[in-house]
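Notes to accompany the following structure.
Computation of the quantities below employed the complete heavy-atom set of this structure, encompassing side-chain atoms and omitting hydrogens, waters and symmetry-equivalent molecules. Everything quoted here is computed from the prediction, not taken from an experiment.
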Protein chains: 2
Amino acid sequence: MSGLRIGALAKRTGTNAPTIRYYEEIGLLRSADRQAGGQRVYSDADVKRLTFIRRCREFGFSIEQVRSLVELVQDPTQSCVHARDLAHEHLIAVRAKLAELKALERSIAAFVASCDASCAGGPGPECVILDDLSKRRIEVPSTLEGRRSTCGTCS
Amino acid sequence: MSGLRIGALAKRTGTNAPTIRYYEEIGLLRSADRQAGGQRVYSDADVKRLTFIRRCREFGFSIEQVRSLVELVQDPTQSCVHARDLAHEHLIAVRAKLAELKALERSIAAFVASCDASCAGGPGPECVILDDLSKRRIEVPSTLEGRRSTCGTCS
DNA sequence: GTACCCCCTGAAGTAACTTGAGGTTCAAGC
DNA sequence: GCTTGAACCTCAAGTTACTTCAGGGGGTAC
């Protein structure tokens, strides 16, 4: 009933206008009603649906997954357990990514630490650490443990 | 020395061939030497460089960042402290992403848990949990309490 | 009426590759 | 010497999820 135009809808949902048009184009949002001049008008239902979509996207669901969820939300014949399963599947993926990212964090932290410890400004081509990146694994030796204290700037 | 062709280089570095050609195209790898028949030949130096590039990419550096690092590794006038700073900057970004992902994990886990708790198979459009995704925040306590009964088949 | 912002469409750009089509080269077996 | 099949070549287009651009129209306030 509010009769929002695209900019207002964008503001309310934290989206931006071209993205909304894009969602319409790919059929994630219904084709919006138009004013006399051709400008899109949206209702509260649209705010709700777009909010749903954006939240799902923030959750890392792909457009196609969001499409399933949106359909599910509107199809009275489908069980919401479906959504739960989709979410659960996604949870597993997120946890895997989380583990990877943690490993990555450790590696980079080690890299920075060993730079601080043993490369105090030498030229790039002679840098031992950089050279190590060209080798199979970056596994930083345990000797680092002892040298970590030399690092002034790193936490 | 070894005279690898693209497939062998790919295998050794865990890349695939089109990606190697792509790296050449964007100037991340030098233009490879060619055999009489036009097929690319690579040396150990190329193995090393590509390994470096792949490792950096695994670290989540963008192509442009990798480009800087590669240049740095080969430019005798630049200090490797540069690389350390780039890595440190990147570490901060990774940590931020890590925090976000952790929050995400908690949210999805909560979603799945509350699905398990209160929606044992009701139809999608009436699912309280899905409905909540259309609201501003997913934090659900009081609303859930009051409307739990609306979900037809919910226990 | 005119200033100015918001809106429109269609096309192209973005990252970092991947995939496909259609043709060539290489190495091995006969 | 010939054939076969894998590996290679180039160029073009596809992928995801948008963003940016160009060139114009609509809405409203003064």
Side-chain angles (χ1 to χ4, degrees), chain A residues 2-43 46 49-70 90 93-94 97 100 104, chain B residues 2-29 31-43 46 49-50 52-70 90 93-94 97 100 104:
Chain A
S2 18
L4 302 165
R5 283 190 310 175
I6 201 166
L9 177 63
K11 199 166 271 181
R12 277 224 205 163
T13 58
T15 318
N16 52 33
T19 301
I20 295 172
R21 290 189 204 103
Y22 167 72
Y23 285 164
E24 182 180 319
E25 193 189 321
I26 64 171
L28 205 50
L29 289 174
R30 65 179 186 81
S31 288
D33 296 335
R34 304 293 181 120
Q35 284 181 334
Q39 310 203 306
R40 291 173 178 82
V41 201
Y42 297 95
S43 70
D46 295 311
R49 178 159 179 165
L50 183 53
T51 304
F52 178 81
I53 291 169
R54 289 311 295 176
R55 288 228 36 98
C56 289
R57 293 286 303 127
E58 277 167 32
F59 273 78
F61 288 97
S62 71
I63 291 281
E64 285 319 303
Q65 286 177 315
V66 175
R67 204 188 292 277
S68 310
L69 286 169
V70 165
H90 186 52
V94 165
K97 197 168 276 182
E100 259 179 56
L104 178 60
Chain B
S2 20
L4 302 165
R5 283 191 310 175
I6 201 167
L9 177 64
K11 200 166 270 180
R12 278 224 204 163
T13 58
T15 318
N16 51 35
T19 302
I20 295 174
R21 291 189 202 104
Y22 168 71
Y23 285 165
E24 180 179 320
E25 194 190 321
I26 63 171
L28 206 50
L29 288 174
S31 288
D33 296 335
R34 302 296 180 117
Q35 284 181 334
Q39 310 200 310
R40 291 172 177 83
V41 200
Y42 296 96
S43 69
D46 295 312
R49 178 158 178 166
L50 182 54
F52 178 80
I53 292 169
R54 289 311 294 176
R55 289 232 32 103
C56 289
R57 293 286 301 127
E58 277 168 31
F59 274 75
F61 288 98
S62 73
I63 291 280
E64 285 318 304
Q65 286 176 315
V66 176
R67 204 188 291 276
S68 310
L69 286 169
V70 165
H90 187 52
V94 166
K97 196 169 276 181
E100 257 179 57
L104 177 59

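Side-chain contact between B:Ile63 and B:Tyr23: present, with at least one pair of heavy atoms (C-beta onward) separated by less than 4.5 Å. Side-chain contact between B:Ser43 and B:Asp46: present, with at least one pair of heavy atoms (C-beta onward) separated by less than 4.5 Å. Here the side chains of B:Ile20 and B:Tyr42 are in contact, with some heavy-atom distance below 4.5 Å. Under the 4.5 Å side-chain criterion, counting only non-hydrogen atoms from C-beta, B:Arg54 is in contact with B:Thr19.
For the pair A:Ile53 CD1 and D:dA17 C1', the computed distance is 13 Å after rounding to whole Å. The nearest whole Å value for the distance from the CD atom in A:Gln65 to the P atom in D:dT16 is 12 Å. Summarising the geometry, the separation between CD on A:Glu24 and P on D:dA17 is reported as 19 Å, rounded to the nearest angstrom. Following rounding to the nearest Å, A:Glu58 (CD) and D:dC18 (P) show an atom-to-atom distance of 11 Å. Remark: C1' of D:dC8 and OH of B:Tyr42 are 11 Å apart, rounded to the nearest angstrom. The distance between atom CZ of A:Arg21 and atom P of D:dA22, rounded to the nearest whole Å, is 16 Å. Atom-to-atom, CZ of B:Arg34 to C1' of D:dC9 comes out at 8 Å; the value is rounded to the nearest Å. The interatomic distance linking A:Ile26 (CD1) with D:dT15 (C1') rounds to 13 Å, in whole Å.
Closest non-hydrogen pair, B:Val41 versus B:Arg34, comes out as CG2-C, 4.0 Å.
Contact annotation for B:Arg40: backbone-only contact, meaning every heavy-atom pair under 4.0 Å involves sugar-phosphate atoms and none involves a base.
Note on B:Arg21 versus B:Glu24: no salt bridge recorded, every NZ/NE/NH1/NH2 to OD/OE distance being 4.0 Å or above. Salt bridge present: A:Glu64 and A:Arg67 bring a charged side-chain N and a carboxylate O closer than 4.0 Å.
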Distances under 3.5 Å only, N/O to N/O: pair up the protein atoms with those of nucleotides 11-13 of chain D.
none

Exercise. For nucleotides 11-27 of chain C, just jot down a letter per nucleotide in 5' to 3' order: B, S or -, based on protein non-hydrogen atoms under 4.0 Å.
Key: -----BBSB-----SS-
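Looking only at distances, no side-chain donor or acceptor of A:Arg12 sits under 3.5 Å from a matching main-chain atom of A:Thr51. Of the possible polar contacts, one joining the B:Arg49 side chain to the B:Leu28 backbone as a donor-acceptor pair under 3.5 Å is found.
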